[in-house]
K.L.:
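Submitted below is the structure of interest, expressed as structure tokens.
Order of the sequence lines sets the chain letters (A, B, ...), proteins ahead of strands, with each chain counted from 1. Basis for what follows: all heavy atoms, side chains included, without hydrogens, waters or symmetry-related copies. Keep in mind the model is a prediction, meaning the values are calculated, not measured.
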Protein chains: 2
Amino acid sequence: MTTAPQRRRRYRDETIEDILRIAREMMRKEGVAALSFNAIARTLGMQPPSLYNYFDSKNAIYDELFRRGFQDFARQMAERSGQDGPPGENMRSAMETYMRFAQENQDLYQLMFQRPVPDFVPSEASMAVSLGALQAAQMQFVNALHSEDLDIEIPVEQALDLFIAFQHGLTELHLANNPELPVGEGRFGKLIPAAVQMILDAWQKV
Amino acid sequence: MTTAPQRRRRYRDETIEDILRIAREMMRKEGVAALSFNAIARTLGMQPPSLYNYFDSKNAIYDELFRRGFQDFARQMAERSGQDGPPGENMRSAMETYMRFAQENQDLYQLMFQRPVPDFVPSEASMAVSLGALQAAQMQFVNALHSEDLDIEIPVEQALDLFIAFQHGLTELHLANNPELPVGEGRFGKLIPAAVQMILDAWQKV
DNA sequence: GTCTATAACGCGATAGAC
DNA sequence: GTCTATCGCGTTATAGAC
């Protein structure tokens, strides 16, 4: 794919990064479940068994990508600090960050939030990372909701779940319909402002 | 799985139904992508190559399930006629029908609305069925929106897409969190009334 | 010890001859 | 319907090279 099919005797960590990079390329081009352990080896100029020096199994590669995906996700959600601003600004920013991560990392997003590989089960360590990241993201959404000074008649957890579902649905449909378009464009990618407005209209103090 | 592993000399159509039934069982138990052509044959008491007398390939089985899935989906959405009622009743009914189909046919739903098998591409005939079904479902949602006599400030197509995204997000998250619970129960499965209320609050005439 | 190779196993989908 | 065979897959065992 990217690396010349010649033998390589480099540093271990670099090889590991190469493997993960090639794996992501393949997942993007052929689909997450179409990742081939053998093909990664061949792309690196190795015989398939040699790849076992770097990863114990094909699922170990999935696992590392899963773990790193949630780390990146948590980092990006955290960097988008909850700056105040006009009504809805904080919600809009949170939704956009979520959708942008999905659009720019469609391979990881599938692996993280869907379950396209039946026999891949994340390791306990990776599951812990993912739970932490999801909780951190949830706090971002809680803050985004609170900062809007809303008047919600239902339990706050339900309001949060409605927000999450709305955002998740927009994201999934954007990826299904216009995966190549950035957030803000495309049939569903452009609807975040309208969704925020709808939430404000429904819940804003009167 | 269900059928005894004995030879069978029955009618062709019955065998085809058996194959599809067994395939659905496997997809439900092991995941859509884990369907095994060989295992279907063995369950039927056949040698794998014999199965080619009924389906040209493994993907042909997927294709038939995909096509039938959209037929059932369209039928169920159509049967839920747009009866009038209290505000929100029609929207609630449409959302529930959609989510119920997904919950009761999780194997088909994955095959139809996600793309868990990278090298399965629906045939043109099946794609036509799916497009027709999706358009019919869309009309149901349009009717549900119109029957509510709403005051929407955005283009009606955008309102429709927001509705679809909301519903899709709730459904996906219900299946991810409480796949065993029927519509109406579970963290997200119980939120349809709240979602409808939110839509009414945002869009209802004042 | 670390990296590589070759050989081989069991499984999958599938094609062809009977 | 069968049996045989091909090919690719993930994986293991084993042995040689740095």
K.L.:
Grab the OH-P distance between Y62(B) and dG12(C) for me, whole Å please.
P.N.:
13 Å

K.L.:
dC9(D) P sits how many Å from D119(A) CG, rounded?
P.N.:
16 Å

K.L.:
Check this one for me: any side-chain N or O of S36(A) less than 4.0 Å away from OP1 or OP2 of dG10(D)?
P.N.:
yes

K.L.:
Within this structure, what is the CG-to-C1' distance between L35(B) and dA13(C), rounded to whole angstrom?
P.N.:
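Taking atom C1' of dA13(C) as the reference, CG of L35(B) is at 12 Å.
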
K.L.:
Looking at side-chain heavy atoms only, is the closest gap between E148(A) and I199(A) below 4.5 Å?
P.N.:
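Heavy-atom side-chain distance check fails, nothing below 4.5 Å.
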
K.L.:
Is it the case that more than 12 heavy atoms not belonging to E180(A) sit under 6.0 Å from its CD atom?
P.N.:
yes

K.L.:
Within the 4.0 Å heavy-atom criterion, would you say L51(B) contacts the bases, only the backbone, or no part of the nucleic acid?
P.N.:
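Nothing, no nucleic acid heavy atom in range.
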
K.L.:
So does R187(A) get a backbone contact from the side chain of N178(A), meaning a donor-acceptor N/O pair under 3.5 Å?
P.N.:
yes

K.L.:
Quick one: F55(A) CZ to dC3(C) C1', roughly how many Å, whole number?
P.N.:
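My rounded result for the distance is 16 Å.
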
K.L.:
Answer yes or no: does a side-chain N or O of R42(A) lie under 4.0 Å from OP1 or OP2 of dC9(D)?
P.N.:
yes

K.L.:
Rounded to whole Å, please give me the gap between CD in Q47(B) and P in dC3(D).
P.N.:
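Value for this atom pair: 5 Å.
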
K.L.:
Taking Y98(B) as the fixed residue, which of H168(B), R80(B), Q76(B) is the one that meets the side-chain contact (heavy atoms from CB on, under 4.5 Å) rule?
P.N.:
H168(B)

K.L.:
Distances for protein N/O vs nucleotides 11-14 of chain D N/O pairs under 3.5 angstrom?
P.N.:
| unit_1 | atom_1 | unit_2 | atom_2 | d |
| --- | --- | --- | --- | --- |
| dT11(D) | OP2 | Y52(A) | OH | 3.2 |
| dT11(D) | OP2 | K58(A) | N | 2.8 |
| dT11(D) | O5' | Y52(A) | OH | 3.1 |

K.L.:
Compare side-chain N and O positions of R12(A) against OP1 and OP2 of dT2(C) and report whether any pair is under 4.0 Å apart.
P.N.:
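Indeed not, no polar side-chain atom of R12(A) lies that close.
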
K.L.:
Between C1' on dT14(C) and CG on N53(B), what's the gap in Å once rounded to a whole number?
P.N.:
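Distance, rounded to whole Å: 13 Å.
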
K.L.:
Check the orientation of F120(A) and Y62(A). Use parallel for under 30°, tilted for 30 to 60°, and perpendicular for over 60°.
P.N.:
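Correct class here is tilted.
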
K.L.:
Is Q135(B) atom CD crowded by more than 12 heavy atoms from other residues, nucleotides or ligands, each under 6.0 Å away?
P.N.:
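Count not over threshold, so no.
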
K.L.:
What is the distance, to the nearest angstrom, from the OH atom on Y54(A) to the C1' atom on dA5(C)?
P.N.:
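Going from OH in Y54(A) over to C1' in dA5(C) covers 13 Å.
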
K.L.:
Consider only side-chain N and O atoms of Q114(A) and E172(A), and report whether a donor and an acceptor are under 3.5 Å apart.
P.N.:
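Note: Q114(A) and E172(A) side chains meet the donor-acceptor criterion.
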
K.L.:
Would you mind reading off the distance between I40(B) atom CD1 and dT14(C) atom P, rounded to a whole angstrom?
P.N.:
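Answer to the nearest Å: 11 Å.
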
